[in-house]
Amino acid sequence: MTSTARSFSHRGIAFGCDYNPEQWTPDVWDEDIALMTEAGVDLVAVNIFGWSHIEPRSGEFDFARLDEIIRLLHAAGIRINLGTATASPPAWLTRRYPEILPMAEDGTRRYQGGRQAWCPSSPLFRDAALRLVEAVARRYGDHPAVELWHVSNELGCHNALCYCDVSADSFRFWLHRRYGTLEALNTAWGTAFWSQTYSEWDEILPPRATLSSRNPAQSLDFHRFSSDELLGYYRAETEVIRRFSDKPVTTNFMVTAHIENMDYWSWAADMDVIANDHYLDGRLADSTAELAFAADLSRGLSGGAPWILMEHSTGAVNWQPLNLAKAPGQLLRNSLTHVARGADGVCFFQWRASLQGSEKFHSAMLPHAGTDTDLWREVVELGGIVERLEEVAGTRVEAHAALVFSWESWWATQTESRPSQAVGYLDQVHAAYGALHAAGITVDVVAPGADLSDYRLVVVPGLHLLRAAEAAVLTDWIAAGGIALVTYYSGTVDEQDRVWAGGYTGPLREALGIRVEEFAPVAPGETLTLTDGSSATLWSERSRVTTAAVAASFADGPSQGRPAITRNAWGDGEAWYAATHLAPDAYRSLIERLADAADVRPAAPATGADGALEVVRRRGSDTSYLFVVNHGSAAASVQASGTELITGMPVAGVAQVPGGAVRIVREELVA
Ligand code: GLA
């Protein structure tokens, strides 16, 4: 069941924030609104963590403060993204019903005192939450300032996997629906192994902590179940809202590094607009490319339509081991990169920096030090620029290449016993995306099995779990003339985590023209050399070509003499395979070679700032916008003609982009 989509309509690109006025005394609110107006804030999320304020005791509602906040925002012409307030249960609820508290895999409970302390399968939690949602929706459902509903907050951020008895029951119900019989389940999970055969449904548990590694098919299904369970919860809240309001409904996704528990491909159709939260992760090798990837994946979830950046940060976050401040100008570059890649909203967590609580060292639009700060001036500058981009809203990003991404493959890759713990799914995706990004190629991120007919180049990094039907979409598209690059560990298992026998890459084997006989991973830190002089790490394979041509072999390492990069003519197209983790420069060269063959080019020719320049085009029905983000310190120039929207200057043939700057050119008739 999916909800009936309502469209999100905002004037121009939304500029906004989470606003938590309950943390402050009312004398601050007027100043907040005045400063929001100064900064150009026009979309504000309120009531996200409001439960204990609006329902201080069970069944006792008090909306006085929220009424006033909404009145003030409305009077200032600020649109409201209204939280349902269910993100964090109040203490009275979990005290009365401790069974709501989630359970970790070792059987220990997680207690009140942080946030999101609720089991996604708990009927007690759901009843209490839906009663609250009904009260909120009844009160504000047709309020003219409410532009969007914000269900809960980052569903599954902390509580996605709950192992309690209630979850176990719900898991069994889900499994029963999926498999019908225990025989089918036993076959799917391969329970003949280690005497795990089930003869009663009640014997089945969530994959709680065990002495040895757990059944990987059980873990995979538990991931699927847990994602579905939270989506079911989202739907339940949405159904209540729908009884009182016809405004669009969404929740904020976490398409960001390290959050893996929700299969957003299966959630996307339920959102009236895709909203994403993204935070730079200083632990990554290339957090700039990761930001671009997350934005492209958000757009993919939106089917190419504009989406909203619901949260990001003006500066440092507080939850990484080391929380990096943004460099001068980085706030602007980060924000406008999201817009370049399809965001029609730029919002922040949060408006005013908290003085208390766990997030008091998290940056905000209005910092502790107040308005006489560089950060505030950057916020105001950004607000002004976003205002000038009104005409960009609604346009779509142009891409001729795609990257296939799968949460299921992420889960299957990360199972406990595998060839190398050093090989992670997201690392492979980031490496592939990083090579495309460095080559200046704009990519759409798509699900396995998605229609590829709009693309000329497709990259498939480490797609470990692959269904025959998904493989067929790819191989048929190649046969019709496409150029694909598949990388190592792809096509290893089917939907049930059962190995595709007969040589790895399974259902892609014939199209790739190779047979992988054995995996031969290498220790982190060791470097492999290929016969074309390029280097690689982490992985090698012992394979033989059947019909493919060898572009490079392993010159050393455990697979010395075996093919490392192959190319197979398949129908009218080419199926390439990389049996190792190419070093960034080698990966980029390979991508450039394939992109050239596929006639896939950067959005516009550029010189200078090599590798530090992002050039992306958004296209409307009768005009297009070229976004150029220069992350480097050297000036760059990009071929473009038209009017630059930030400076208002005409551009005739070449746009000069100083180091650290962003330029957005409304183009004259680009065919
Ligand atoms: C997420 C949450 C916010 C806040 C920020 C901090 O985006 O939705 O409530 O905790 O993280 O980065």
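Indexing begins at 1, ligand by ligand and atom by atom, following the structure's order.
- Under a 4.0 Å criterion applied to the non-hydrogen atoms of Glu154, ligand 1 contributes the atoms 1 (C), 2 (C), 7 (O), 8 (O).
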Decide yes or no on side-chain hydrogen bond (donor to acceptor under 3.5 Å, both in side chains) for Ser9 and Ser7, but give the supporting numbers first. CA-CA 6 Å; Ser9 56; Ser7 58; 5.5 Å; no

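- In terms of polar-atom proximity, defined here as any N/O pair under 3.5 Å, Tyr279 does make such a contact with ligand 1.
- Remark: ligand 1 atoms within the under-4.0 Å shell around heavy atoms of Arg115 are 2 (C), 3 (C), 4 (C), 9 (O), 10 (O).
- The shortest contact between atom 2 (C) of ligand 1 and any protein heavy atom is with Glu311 OE1, 3.3 Å.
- Listed by number with element, the atoms of ligand 1 under 4.0 Å from a non-hydrogen atom of Asn153 are 2 (C), 8 (O), 9 (O).
- Of the possible donor and acceptor atoms, none in the side chain of Tyr234 sits under 3.5 Å from a partner among the backbone N and O of Met271.
- Ring geometry, Trp407 versus Phe405: the interplanar angle exceeds 60°, so the pair is classed perpendicular (tilted spans 30 to 60°).
- Close approach of ligand 1 to Asp277 (heavy-atom distance below 4.0 Å) involves ligand atoms 7 (O), 8 (O).
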Just do the side-chain hydrogen bond (donor to acceptor under 3.5 Å, both in side chains) check on Gln350 and His362 with the steps written out, would you? CA-CA 9 Å; Gln350 61 177 330; His362 195 292; over 6 Å; no

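- Close contacts between ligand 1 and His362 involve ligand atoms 6 (C), 12 (O) [criterion: under 4.0 Å to a heavy atom].
- The ligand atoms of ligand 1 that sit less than 4.0 angstrom from a heavy atom of Glu359 are 4 (C), 5 (C), 6 (C), 10 (O).
- Distance alone, capped at 3.5 Å, places no donor-acceptor pair between the Asp272 side chain and the Thr250 backbone.
- For the residue pair Ser121 / Glu229, a side-chain donor-acceptor distance below 3.5 Å is found, with atom types taken as modelled.
- Counting the atoms of ligand 1 from 1 in the order shown, those under 4.0 Å from a heavy atom of Phe49 are 9 (O).
- In Arg95, the CZ atom is not crowded: 12 or fewer heavy atoms of neighbouring residues, nucleotides or ligands sit closer than 6.0 Å.
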